[in-house]
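Because the structure is a prediction, the values reported are computed rather than measured. Counting convention: from 1, in listed order, for ligands and their atoms alike.
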Amino acid sequence: MDIAIVTLADRPDLEPWLRTTPGAWPEFMLHDTTGSLYYNVVEQYHAEHVLFAYDRDHPEQAVAKAFTVPFNWTADALPAGGWDRVIQKAGVDRAQGVAPNLVSALEISINPDRRGAGLSALMLGAMRDNVRRLGFDTLVAPVRPNGKPDHPDVPMTDYAFRTRDDGLPVDPWLRVHVRAGGVIDSVCPYSMTIAGTLAEWRAWTGLPFDATGRVRVPGALVPVHCDVDHDHAVYIEPNVWIRHRT
Ligand SMILES: CC(C)(COP(=O)(O)OP(=O)(O)OC[C@H]1O[C@@H](n2cnc3c(N)ncnc32)[C@H](O)[C@@H]1OP(=O)(O)O)[C@@H](O)C(=O)NCCC(=O)NCCS
């Protein structure tokens, strides 16, 4: 593979790849309502923060993409509300004309047929370089550990700090970040909140959602809370804040 990486600002013709990575996410993940505050306006406001990777033999097709967002954050602790919170804050900052002082990663996704070939570290390095180019010295990331769905009942405060004999995280995606120089900062316990009626959750997952309590959903990092009496279920995804110096 001979890979090149560009921004959406460099290659606006790759725009159709912004919202298409078939199979990248479980269906329920596409129903986080906060995400639209970023993804629906990304071409307009954040084209310099979107990266596409393509194979030089097929420059018209993206094989991976990465997204960041600038925001203003002055508290010492990164927000417990993680991914949702930085998107909200970035939107409010933009509306109020507040200058950003920090950049958060929002997503790196590799096309399913290109996974397992080391592209994720390449994208993370390119993301960090791009953030430096844009004038920021720190990139933070509310990381979604990709091995966590196999351990839905383990608290993130335990899982995130599990290490192998070589000292690197057990989780593959956390490992990519730490190997790239990232430092685990903290857990953000309510990074993404996805709520729906029971009918919506049935449609998203194919599961019955017919009993009140915790429901294990494939691809979810923790169980979903189901309430039959009140006809709703809520997924509150914890992520792991990682800090990278650019
Ligand atoms: C998470 C993701 C970005 C990783 O990218 P990738 O190209 O598949 O992974 P890489 O080939 O770069 O490998 C990264 C690490 O994961 C490991 N890995 C790759 N595929 C794996 C699998 N199926 N099972 C377990 N580990 C795996 C690799 O061994 C490597 O770790 P190591 O070098 O320490 O051994 C990719 O799977 C993806 O796009 N997933 C969907 C979107 C997502 O979850 N993004 C992350 C949150 S924003």
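Using a 4.0 Å cut-off between heavy atoms, Arg179 contacts ligand 1 through its side chain alone, with no backbone atom that close. By the criterion of a heavy-atom distance under 4.0 Å, both the backbone and the side chain of Ile110 are placed next to ligand 1. When heavy-atom distances to ligand 1 are checked against a 4.0 Å cut-off, Arg175 comes that close only through its side chain, counted from C-beta outward.
Atom numbering of ligand 1 starts at 1 in the shown order; those under 4.0 Å from a heavy atom of Asn146 are 1 (C). Within ligand 1, the atoms closer than 4.0 Å to a non-hydrogen atom of Leu119 are 12 (O), numbered from 1 in the order shown.
Residue nearest to atom 44 (O) of ligand 1, selected from Trp25, Phe67, Trp173: Trp25 (by heavy-atom distance). Among Pro169, Ser120, Pro142, the residue whose heavy atom lies closest to atom 9 (O) of ligand 1 is Ser120. When the heavy atoms of Pro172, Gly147, Gly219 are ranked by distance to atom 26 (N) of ligand 1, first place goes to Pro172. Of the candidates Lys148, Arg115, His177, Arg115 brings a heavy atom nearest to atom 38 (C) of ligand 1.
For the pair Arg243 (side chain) and Leu139 (backbone), a donor-acceptor distance under 3.5 Å is absent. Of the possible polar contacts, none joining the Asp32 side chain to the Met29 backbone as a donor-acceptor pair under 3.5 Å is found. Although no hydrogens or angles enter the test, the distance criterion places a donor-acceptor pair under 3.5 Å between the side chain of Ser36 and the main chain of Thr33.
Of all the heavy atoms in Ala195 and Val234, the pair that sits closest is CB-CG2, 4.2 Å. Shown here for Gln61 and Leu14, the closest heavy-atom pair between the two residues is N-CD2, 4.4 Å. Considering every non-hydrogen atom in both Leu207 and Pro218, the closest pair reads CD1-CD, 4.1 Å.
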Residue pair His46, Tyr38: steps toward the ring pair (Phe, Tyr, Trp, His ring centres under 6.0 Å) verdict: CA-CA 9 Å; His46 302 303; Tyr38 175 82; 5.3 Å; yes
Arg11 vs Glu15, salt bridge (Lys or Arg N to Asp or Glu O under 4.0 Å): CA-CA, chis, key distance, verdict: CA-CA 8 Å; Arg11 285 282 311 273; Glu15 184 271 344; over 6 Å; no
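Nearest non-hydrogen protein atom to atom 11 (O) of ligand 1 is Gly118 N, 2.8 Å. The protein heavy atom nearest to atom 7 (O) of ligand 1 is Gly116 N, 3.4 Å. From the protein, the heavy atom lying nearest to atom 48 (S) of ligand 1 is Ile108 N, 3.6 Å.
Inside a 4.0 Å radius of atom 24 (N) of ligand 1 there is not any protein heavy atom. By the definition of a contact as any protein heavy atom under 4.0 Å away, atom 21 (C) of ligand 1 is not in contact. Within the 4.0 Å cut-off (strictly below), no protein heavy atom is located near atom 28 (C) of ligand 1.
Between the side chains of Asn130 and Arg133, at least one donor-acceptor pair of N or O atoms lies under 3.5 Å.
Looking at Asp158 and Arg162, a side-chain N of the basic residue comes within less than 4.0 Å of a carboxylate O on the acidic one, giving a salt bridge.
In terms of N/O distances under 3.5 Å, ligand 1 is not approached by Val176. At a 3.5 angstrom cut-off on N or O pairs, Ala117 counts as close to ligand 1.
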